[in-house]
Novice: 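Quick one: this structure, given as structure tokens, is what I'll be asking you about.
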Amino acid sequence: MNLVDQIGKLLNYGLFPPICRLCGNAGLPDWDLCLHCHRVLPRRPAPKLFGEGLVLAGFDYSTPIDGLIRHFKFHGQLDAGHLLARLCEPVFEDSRPMALVPVPLHLRRLRQRGFNQSLELARYWGRRRALPVLSGALVRHRETAVQSSLSAAERETNVQGAFRIEQPLPAHVALVDDVFTTGATCGAARDALLAAGVKRVDVWCLARVP
Ligand SMILES: [Zn+2]
């Protein structure tokens, strides 16, 4: 970092010191999170088998991560998403996909929400890991009911055949999603990827339901 950047950073830090997003106290340097809140974040779950691949999640889906995800996803607070994405980075350290594939929203849902939370995450992690983000490779061509309103069995039927592949893919990809619940959505997306010749599909997500 050159001198001008260093001075800029110091000035910025003096004028806008980091504030913890969760409790409002002073944040750790460069983090919108304080030491206390950082220490009491939910545990990092062990990788979960997913066919030939693994589900890697930053956290168990519980307080306060669930609240941060809601702010990100339903209230468009992208800074909450970036904080979560950054906190999850160490979990993907040993994972070596050749590209990231965000789980797509149906066009109508995308228009309602204005952004796809999975694409935001994929862009962040793709930048950090110098991995291509294949945002147009997987398309949700069939509109599906909101998964959270359904039982596990209904979720599976709801998303079956909802995805289509639109461009060539490498042999090993990581699907990016915000929350891994029953795995129905990622499972349906993986089926489409495997049918298109992908050999291994991992999942990178912020949280998974224990
Ligand atoms: Zn705090």
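In listed order, ligands and their atoms are each counted from 1.
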Novice: Would you check if T182 and E156 make a side-chain contact, meaning some heavy-atom pair closer than 4.5 Å?
Specialist: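 A side-chain contact under 4.5 Å is absent here.
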
Novice: Please work out whether the ring planes of W204 and W125 are parallel, tilted or perpendicular, with thresholds of 30° and 60°.
Specialist: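 Correct class here is perpendicular.
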
Novice: Would you check if the Zn ion (ligand 1) lies under 2.8 Å from any N, O or S atom of H36?
Specialist: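 Under 2.8 Å: H36 has no N, O or S contact with the Zn ion (ligand 1).
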
Novice: To the nearest 10°, what's the angle at the Zn ion (ligand 1) between atoms SG (C34) and SG (C20)?
Specialist: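 Vertex the Zn ion (ligand 1), arms to SG of C34 and SG of C20: 120°.
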
Novice: With a sphere of 6.0 Å drawn around CD of E93, does it hold more than 12 non-hydrogen atoms of other residues, nucleotides or ligands?
Specialist: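 Open.
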
Novice: Grab the two heavy atoms, one from R208 and one from P45, that are nearest each other, plus how far apart they are.
Specialist: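 Reported closest heavy-atom pair: NH2-CB, 3.9 Å.
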
Novice: Would you say H38 has an N, O or S atom lying under 2.8 Å from the Zn ion (ligand 1)?
Specialist: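 No N, O or S atom of H38 is closer than 2.8 Å to the Zn ion (ligand 1), so no.
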
